[in-house]
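The structure under discussion appears below in the form of structure tokens.
It should be emphasised that the depicted structure is a prediction, and the values quoted were computed from it without experimental measurement. The chains referred to below are lettered A, B, ... by the order of the sequence lines, with proteins before strands, and numbering in each begins at 1.
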Amino acid sequence: MPLPLTPLSRGSLPPDPIALARWLIGKRVVRPLDGAHVGGRIVETEAYLDDDPASHSFRGQNLRNRSMFGVRGNAYVYRIYGMWFCFNVSAGAPREGAAVLIRAIEPEFGLDAMAARRRGGDPRDLTRGPGRLCAALAIDLQLDGIDLCRANGALWLAEGGAPIGPIGTSPRIGITKAADAPLRFYERGNPRVSGPKSART
DNA sequence: TCACTGATCGTCT
DNA sequence: GACGATCAGTGAG
């Protein structure tokens with residue numbers, strides 16, 4: 001798919017993690033796999049802040065969360081519930097420990113490659129949810145810490161194409177601490193957004 | 001369409 | 001030893 005994919009420059013990323021989470025809606029995730037580009041538009045994100053009890057960075061830096069503490073625009077990948085991975089973009093200032101969780105994308109290119117990595121199931125669920133997104137794009141711990149602003153990398157971010165619809169805000173999903181903070185952002189009405197229907201209106 | 005539950009295992013307490 | 005930024009399968013409305 002010869003889409004004009006332009007990598008994001010690190011300097012264009014909003015320094016504020018919340019602003020970054022909102023700004024990333026409509027941008028693209030690009031994953032070169034088997035000689036082709038796989039990915040699509042980001043439609044759902046969540047912000048995790050440095051002083052946020054729900055954030056992995058809350059108790060300070062350790063071996064697992066160190067990627068959250070670097071410059072913004074790097075990948076932070078971790079394993080959850082023993083069998084899934086979640087993909088974040090490091091945010092904020094260096095040593096701050098903030099990140100933006102990419103919860104869902106709208107597949108645009110490499111559909112077959114994604115489906116091949118997620119056998120069965122509803123095609124509309126291919127990349128709906130952080131665990132499914134990582135499975136479809138073959139994102140694992142090997143990509144932890146990678147620079148997402150380099151177009152020749154194994155995983156990177158690109159400028160958006162289609163216009164962005166209205167952006168909704170809600171509490172984050174699946175957490176128990178600071179569960180009411182309105183730090184989830186999504187493109188309203190987009191069927192690729194995760195959660196029940198009421199969570200994407 | 002939603003609510004509930006089991007699966008599964010690395011990391012931190 | 002307990003828990004978690006989840007998912008797929010099942011069953012009810």
Side-chain angles (χ1 to χ4, degrees), chain A residues 17-18 20-25 29 42-70 72 74-92 96-107 114-146 148 155 157 168-201:
Chain A
I18 297 175
L20 177 64
R22 182 183 286 269
W23 182 81
L24 281 173
I25 301 291
V29 176
I42 297 171
V43 296
E44 184 181 2
T45 64
E46 285 179 359
Y48 288 84
L49 314 178
D50 60 330
D51 59 348
D52 177 358
S55 173
H56 291 171
S57 62
F58 187 64
R59 296 175 191 279
Q61 183 175 349
N62 56 40
L63 200 60
R64 171 200 184 205
N65 67 17
R66 61 189 168 183
S67 297
M68 295 181 81
F69 290 83
R72 64 178 178 274
N74 284 354
Y76 167 45
V77 181
Y78 64 89
R79 182 192 302 271
I80 186 69
Y81 296 115
M83 48 183 144
W84 304 101
F85 296 100
C86 290
F87 164 47
N88 299 246
V89 179
S90 64
E96 183 177 329
V100 174
L101 170 68
I102 308 301
R103 288 193 58 88
I105 70 171
E106 177 181 301
M114 289 189 224
R117 285 174 173 75
R118 292 192 34 75
R119 53 168 173 236
D122 188 333
R124 300 174 76 87
D125 288 343
L126 257 188
T127 55
R128 209 168 74 85
R132 290 188 274 220
L133 165 65
C134 286
L137 296 187
I139 294 173
D140 60 23
L141 295 180
Q142 290 192 331
L143 299 179
D144 182 40
I146 197 174
L148 297 171
L155 179 67
L157 300 173
T169 306
S170 82
R172 293 170 292 187
I173 293 177
I175 59 173
T176 57
K177 302 160 194 155
D180 296 328
L183 294 175
R184 171 175 174 260
F185 303 95
Y186 57 96
E187 188 174 53
R188 297 183 68 178
N190 191 311
R192 303 295 184 165
V193 172
S194 73
K197 190 177 178 184
S198 60
R200 54 179 187 263
T201 55

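Residue-environment remark: CZ (Arg118(A)) exceeds the threshold of 12 foreign heavy atoms within 6.0 Å.
When both pairing distances are held under 3.5 Å, dG10(B) makes a Watson-Crick or G-U pair with dC3(C). When both pairing distances are held under 3.5 Å, dT1(B) makes a Watson-Crick or G-U pair with dA12(C).
Distance from the side chain of Met83(A) is smallest to dA7(B) among dC7(C), dC12(B), dA7(B). You'll find that the side chain of Trp84(A) is closest to dT6(C), out of dA7(B), dC2(B), dT6(C). For Arg132(A), taking side-chain heavy atoms from C-beta onward, the closest of the listed nucleotides dC12(B), dA8(C), dT6(C) is dA8(C). With dT13(B), dT6(C), dT11(B) as the candidates, the nucleotide lying closest to the side chain of Arg59(A) is dT13(B). Side-chain proximity of Met68(A) to dA5(C), dC2(B), dC7(C): nearest is dA5(C).
When heavy atoms are screened at a 4.0 angstrom cut-off, Leu101(A) is found touching base atoms of the nucleic acid. Among the heavy atoms of the strands lying under 4.0 Å from Gly131(A) are primed sugar atoms or P, OP1, OP2 only; no base atom is included.
Considering only side-chain N and O atoms, Arg118(A) lies under 4.0 angstrom from the phosphate OP1 or OP2 of dA8(C). Phosphate contact (OP1/OP2 of dT11(B), side-chain N/O of Asn62(A), threshold under 4.0 Å): absent. Dashed line: the shortest gap from a side-chain N or O of Arg79(A) to OP1 or OP2 of dT8(B) is not under 4.0 Å.
Toward the 5′ end of DNA chain B lies the nearest nucleotide of Gly195(A), the other residue of the pair Leu63(A) and Gly195(A) mapping further downstream. Each of Lys197(A) and Gly82(A) was assigned the nucleotide of DNA chain B with the nearest heavy atom; the assignment lying further toward the 5' end belongs to Lys197(A).
Looking only at side-chain heavy atoms (C-beta outward), Glu106(A) and Thr127(A) stay at 4.5 Å or farther from each other. The shortest side-chain heavy-atom distance between Val77(A) and Ser67(A) does not fall under the 4.5 Å cut-off.
Taking 3.5 Å as the limit, the base of dA5(C) and the side chain of Tyr78(A) contain a donor-acceptor pair of atoms between them.
In this structure, NE2 of His56(A) is placed 10 Å from P of dC12(B), rounded to the nearest angstrom. In this structure, Tyr81(A) places its OH atom 14 Å from P of dA8(C), rounding to the nearest Å. Rounded to whole Å, the distance from CZ on Arg64(A) to P on dT13(B) is 10 Å. When the C1' atom of dC3(C) is taken as reference, atom CZ of Phe58(A) falls 17 Å away, rounded to whole Å. Distance, Asp125(A) CG to dT6(C) P: 15 Å, rounded to whole Å. For the pair Ile173(A) CD1 and dC7(C) P, the interatomic distance rounds to 9 Å; values are reported in whole Å.
Taking the centre and axis of the six-membered ring of Tyr48(A), the NZ or CZ atom of Arg172(A) falls inside the cone set by 45° and 6.0 Å. Judged by the 6.0 Å and 45° rule, Arg188(A) forms no cation-pi pair with Tyr186(A).
Checked against the 6.0 Å centroid criterion, the rings of Tyr76(A) and Tyr78(A) qualify as a close aromatic pair.
Residue ring and base: Tyr48(A) counts as stacked with dA5(C) (centre distance below 5.5 Å, interplanar angle below 30°).
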